[in-house]
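The figures that follow rest on heavy atoms only: side chains count, while hydrogens, waters and symmetry mates do not.
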Amino acid sequence: MQRHLYFNGVRLYRETVPGQQGGNPFAFVWPFEEAAKAALCMRGIPEVGRQYPDDIEAVVDRRAYWQPLRVSGFVRKPSYASYPPLPLGHGGDTFFDDNTWVALDLVQEHRMRAAGLLGGRVDVLTQARAVFEFVVAGWCTDPRPYPGGVYWVDAAWNRDRGAAVTAGLAVLALHLSELATSDADRARYLDHAHSAYRWLRETLWIADGPEAGLYHDKVLGDGTIDPAQWIYNQGVAAAAGTMLHRITGDANYLEQARQTADAALSWYDAREYAGQAAIFVAIFFRNLLELGRVIGTDTYYNAMLAYAARACDAPAIYDAASGLFRFEGPQTACTLLDQSAMVQLLALAAWPTAQYALLA
């Protein structure tokens, strides 16, 4: 990933290799942040991780995407643009889910640093709290069908409210509640987490039928529900339930997380994860590892390892000569997202089980 997709001088990544003719020189913020997550996962490998830079900021430069003063959109709060703003690029729209992914990585970086797994003195937790304020401002307050939920993007052209971004808000709020230093902040974050999780359960959770236990993808801008089930939605929702149990001690949340995790694993594994992007699968599994640790099962870990092993053993996917993964076929470009997904899965497979509590 670093050899083929990384620009060392500016600490940014390209989107694909080979690059697309006439395309952007740098990756959008979501693929960039998944690569940052991969770097964090590599750093956490016992012994081996020490050969990688001690300070994650020496590898990735999130500041390139940072917009401290927004001049467009509905929410005028500091946030990360989808593409580096000028002078590097055009900035693009600002996505609530992109910002959730970044904030969660900042939380994980903070936890790893506090555990002595990472060096540096950057106050990333303060940054995560600032991004939370942007994401929570994307909560839908309109008296429409299924009021609530977080918008996907801060733009008039799309008013969808998704499972992943809303579950992501819940997980982020729960981490910030657990790390809060005042009772008022702890209660405020926990309240937002409860609201987000409640909306998920009441709006997108599937109660019966062959897909029982899974979550639909989103509420569309016209107020109808998109019935698709993407694997990463299930993982983030399960992580929210796991975190709620960790903080509140309520066993019901743990059972809900387990129900969704087991239903999703059965559903997608039986279909060999067909139609699910590798990064979606990576998000799913990395969000189940702490659940597996808490309930004392290796089921999710073993399934993650089996998925990664199949990819590594498939010549059409893994090019041993270059070390690159191509999930869309050998003649297609290698994407930063595919590479990040596999680095994450393989690195997390080498983590001690106790470290999964640091994941966000």
Side-chain angles (χ1 to χ4, degrees), residues 1-8 12-21 23 26-28 30-53 59-60 101 105 230-232 234-235 264-289 292 298-352 355-356 359:
M1 184 176 76
Q2 298 303 100
R3 182 184 306 120
H4 294 281
L5 291 152
Y6 184 61
F7 292 106
N8 186 61
L12 297 174
Y13 290 87
R14 67 176 85 234
E15 190 95 1
T16 65
V17 58
Q20 303 299 316
Q21 187 173 5
F26 303 113
F28 285 93
W30 179 42
F32 168 88
E33 197 58 42
E34 292 299 338
K37 172 74 81 174
L40 283 172
C41 293
M42 290 299 297
R43 192 66 177 83
I45 301 174
E47 302 303 326
V48 174
R50 293 293 179 183
Q51 67 183 275
Y52 296 95
V59 180
V60 297
W101 299 127
D105 279 357
W230 295 103
I231 192 169
Y232 74 120
Q234 323 310 326
L265 187 58
S266 175
W267 179 267
Y268 296 105
D269 190 67
R271 292 158 177 78
E272 297 183 338
Y273 304 93
Q276 303 296 319
I279 193 61
F280 288 178
V281 179
I283 293 170
F284 171 68
F285 280 124
R286 77 187 191 217
N287 276 284
L288 297 192
L289 293 173
D298 293 329
T299 299
Y300 313 131
Y301 174 89
N302 290 336
M304 177 183 75
L305 204 59
Y307 174 87
R310 284 196 298 271
C312 290
D313 291 340
I317 294 176
Y318 178 57
D319 177 12
S322 66
L324 294 173
F325 291 87
R326 292 178 174 87
F327 282 85
E328 299 304 318
Q331 303 304 316
T332 60
C334 171
T335 69
L336 182 59
L337 281 174
D338 280 353
Q339 201 69 11
S340 300
M342 290 305 299
V343 172
Q344 291 174 30
L345 292 175
L346 293 166
L348 289 173
W351 276 34
Q355 267 182 211
Y356 293 146
L359 290 172

Requested in this report: Assess whether side chain to side chain contact (heavy atoms under 4.5 Å, CB included) is satisfied between Leu336 and Met1, documenting all intermediate values.
Outcome: CA-CA 7 Å; Leu336 182 59; Met1 184 176 76; 4.0 Å; yes
Requested in this report: Tell me, with the steps shown, if Leu289 and Phe285 meet side chain to side chain contact (heavy atoms under 4.5 Å, CB included).
Outcome: CA-CA 7 Å; Leu289 293 173; Phe285 280 124; 5.6 Å; no
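Using a distance-only test at 3.5 Å, with no hydrogens or angles considered, no donor-acceptor pair links the side chain of Gln339 to the main chain of Thr335. Under a 3.5 Å cut-off, the side chain of Asp269 and the backbone N or O of Leu265 do not form any donor-acceptor pair. Under the 3.5 Å distance criterion, the side-chain polar atoms of Glu33 are left unmatched by any main-chain donor or acceptor of Trp101. No donor-acceptor pair closer than 3.5 Å links the side chain of Arg326 to the backbone N or O of Asp338. A distance-only check finds a donor-acceptor pair linking the side chain of Trp351 to the backbone of Cys41 [under 3.5 Å]. Asn302 places a side-chain N or O within donor-acceptor distance of the main-chain N or O of Asp298, the cut-off being under 3.5 Å.
Take Tyr268 and apply the side-chain hydrogen bond (donor to acceptor under 3.5 Å, both in side chains) test, not counting sequence neighbours, and it matches no residue. Residues meeting the side-chain hydrogen bond (donor to acceptor under 3.5 Å, both in side chains) test with Arg43, sequence neighbours left out: Asp54. Residues passing the side-chain hydrogen bond (donor to acceptor under 3.5 Å, both in side chains) test with Thr299, sequence neighbours excluded: Thr297. Considering only residues two or more places apart in sequence or on other chains, Tyr13 meets the ring-ring contact (aromatic ring centres under 6.0 Å, His included) condition with Tyr6. Scanning for side chain to side chain contact (heavy atoms under 4.5 Å, CB included) contacts around Gln20 gives Thr16, Ala333, with sequence neighbours left out. By the ring-ring contact (aromatic ring centres under 6.0 Å, His included) test, Tyr300 is found to be paired with no residue, residues two or more places apart in sequence or in another chain being considered. Residues forming a side-chain hydrogen bond (donor to acceptor under 3.5 Å, both in side chains) with Glu328 (at least two apart in sequence, or on another chain): none. With sequence neighbours left out, Glu15 forms a side chain to side chain contact (heavy atoms under 4.5 Å, CB included) with Ala27, Phe28, Pro31.
Within the model, atoms CD of Gln234 and CG of Leu288 stand 10.0 Å from one another, a figure rounded to the nearest 0.5 Å. Summarising the geometry, atom CZ belonging to Phe284 is positioned 14.0 Å from atom CD1 belonging to Ile279; distances are rounded to the nearest 0.5 Å. Here NZ of Lys37 is found 6.5 Å from CG of Leu359. Values are rounded to the nearest 0.5 Å. For the atom pair CG of Leu337 and CZ of Phe327, the computed distance is 11.5 Å after rounding to the nearest 0.5 Å.
A perpendicular orientation is assigned to the rings of Phe26 and Phe7, their planes being inclined by more than 60° (bins at 30° and 60°).
Just one residue in the list Phe280, Trp267, Tyr273 forms a ring-ring contact (aromatic ring centres under 6.0 Å, His included) with Trp230, and that residue is Phe280.
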Without placing hydrogens or testing angles, list every side-chain donor-acceptor pair under 3.5 Å for residues 304-319, not counting sequence neighbours.
unit_1	atom_1	unit_2	atom_2	d
Asp319	OD1	Ala321	N	3.2
Asp319	OD2	Ser322	OG	2.9

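Annotation: Glu47, atom CD; neighbour count of heavy atoms from other residues, nucleotides and ligands within 6.0 Å does not exceed 12.
For residues 275-288, every residue pair satisfying the salt bridge (Lys or Arg N to Asp or Glu O under 4.0 Å) rule, not counting sequence neighbours, is listed here: Glu34-Arg286.
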